Amino acid sequence: VEFKELVRSFNYKRILKSDPQLKILVILGTINDKNAIISLEKTHFQFTEDELSLTLIKDLILDISQIEENDIYYWGVDLLKQDLTRFPSSKINLIYPATDVHIKKYDQQEFHMITETPQMYTEIVEPYINKMKGDRIKWVKNILFDNKEAEKIIYRDDDLEKGFVILPDMKWDAKTLDSLYLVCIVMRQDISSLRDLNESHIPWLQSLLQKLRSEIPKHYVGIKPDNLRIFIHYQPSYYHFHIHIVNVKHPGLGDGISVGKAILLEEIIENLKYLGKNGYKNRNITYAIGENHDLWEMGLKDAN
Ligand code: M7G
């Protein structure tokens, strides 16, 4: 079924999240009696300098309703010219059918900083990760082995051990360079998370990092190698090793690039030099976790 048709048959249940700063609204509902999540994110202004200098401002701002004025100050709301290709109103994401894990992730919740010890990892987290590796990462397998999103891939190395693909992240509108957001997914399937990295991976990670910095600027004019913030998440939502690549000027969506969630790839490589052959399995790792995360009830809440 077509995306548009699915969205049209969405029945509202409740608001999961409404963020005035990010201008994001996430709504829970149903489509054909199955749970669905729609998120709307207001788009960034895409006018270029050239366009602005050529266009009359009255052609962009179609109407204004004044709120107040005082001395030399005026404020109000306005109606901007909209157009699905050039000036869309918002970016829309749909998850359908949405699982409980999806719903809980977006829902309001309390967050806590916890320190995960190696023991907590083996007793609580590792069994959970193994359980989460099936259907939930189908989209990853689709990209790697089934030509999904193939035309969007900007770099591909099919080597099953060393290879990886780079493509636009689902969070990105695939256009606004200021919010450039790419994801790099590795071919190998033996790394579920940061915990599986050790010193044997250093040369591979170094060459991967170098490829990211050399390949991406070739595809996005104006982006320089040092404009890329390159990091991974712990805990990630998906347990197949992947890397986030974001324009350094983009403050990120929500907690996506916060400390306590995002770790620079450079930082990881540097750490691996000192962590020995068990790598990140040996360390305490401190991060933020929401009470809705399954790991919270599974034992992380009793941890600290
Ligand atoms: P994560 O750290 O596991 O989870 O990153 P997060 O969603 O909490 O950040 C997974 C990354 O993959 C995120 O940046 C997602 O937006 C992105 N992503 C997720 N899915 C399901 C897709 C997809 O189907 N296609 C693409 N291109 N990106 C996706």
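For ligands, and for the atoms within them, numbers begin at 1 and follow the listed sequence. None of the values given here were measured: they were computed from a predicted structure.
For atom 9 (O) of ligand 1, the closest heavy atom belonging to the protein is Lys171 NZ, 2.8 Å. Atom 17 (C) of ligand 1 has Asp169 OD2, 3.2 Å as its closest protein atom, hydrogens excluded (heavy atom only). For atom 7 (O) of ligand 1, the closest non-hydrogen atom on the protein side is Lys105 NZ, 3.0 Å. Distance from atom 28 (N) of ligand 1 to its nearest protein heavy atom, with residue and atom name: Met170 N, 3.2 Å. When hydrogens are left out, the protein atom nearest atom 25 (N) of ligand 1 is Glu149 OE2, 2.7 Å; that is the closest non-hydrogen contact. Distance from atom 24 (O) of ligand 1 to its nearest protein heavy atom, with residue and atom name: Trp139 CE3, 3.3 Å.
Near Pro236, meaning under 4.0 Å from one of its heavy atoms, ligand 1 places the atoms 2 (O), 3 (O). When each atom of ligand 1 is checked for a heavy atom of His242 under 4.0 Å away, the hits are 1 (P), 2 (O), 3 (O), 5 (O), 10 (C). The distance from ligand 1 to the heavy atoms of His244 drops below 4.0 Å at these ligand atoms: 1 (P), 2 (O), 5 (O), 9 (O), 11 (C), 13 (C), 14 (O).
Taking the six-membered ring for Trp and thresholds of 30 and 60 degrees, His112 and Trp296 have nearly parallel ring planes, at less than 30 degrees apart.
Within 6.0 Å of NZ in Lys211 there are 12 or fewer heavy atoms belonging to other residues, nucleotides or ligands. The environment of Gln66 atom CD is dense: over 12 non-hydrogen atoms of other residues, nucleotides or ligands sit within 6.0 angstrom. More than 12 heavy atoms of other shown residues, nucleotides or ligands fall within 6.0 angstrom of atom CZ in Phe87. Environment of CD in Glu69: crowded, with over 12 heavy atoms of neighbouring residues, nucleotides or ligands closer than 6.0 Å. Heavy atoms from other residues, nucleotides or ligands lying under 6.0 Å from NZ of Lys148 number 12 at most.
Of the heavy atoms in Lys152, none comes closer than 4.0 Å to ligand 1. The proximity of Tyr238 to ligand 1, defined as any non-hydrogen pair under 4.0 Å, involves the side chain as well as the backbone. Of the heavy atoms in His233, only side-chain atoms (C-beta onward) come closer than 4.0 Å to ligand 1.
Distances between N or O atoms of Pro168 and those of ligand 1 include at least one value under 3.5 Å. Residue contacts with ligand 1: Val183 is placed with no nitrogen or oxygen under 3.5 Å of a nitrogen or oxygen of the ligand (distance criterion only).
Here atom 3 (O) of ligand 1 lies nearest to Ser237 when heavy atoms of Ser193, Ser237, Gly254 are compared.
For the residue pair Asn292 / Tyr106, no side-chain donor-acceptor distance below 3.5 Å is found, with atom types taken as modelled.
Counting heavy atoms from C-beta outward, Val186 and Leu208 have side chains that approach closer than 4.5 Å. Contact annotation: the side chain of Glu68 never approaches that of Tyr74 to less than 4.5 Å [non-hydrogen atoms, C-beta and beyond].
Results of the side chain to side chain donor-acceptor pair (under 3.5 Å) test with Gln235 over Glu116, Lys261, Arg195, His293 single out Glu116 as the only residue that passes.
Assignment of Lys148 to the shell around ligand 1 is not supported, since no heavy atom sits closer than 4.0 Å.
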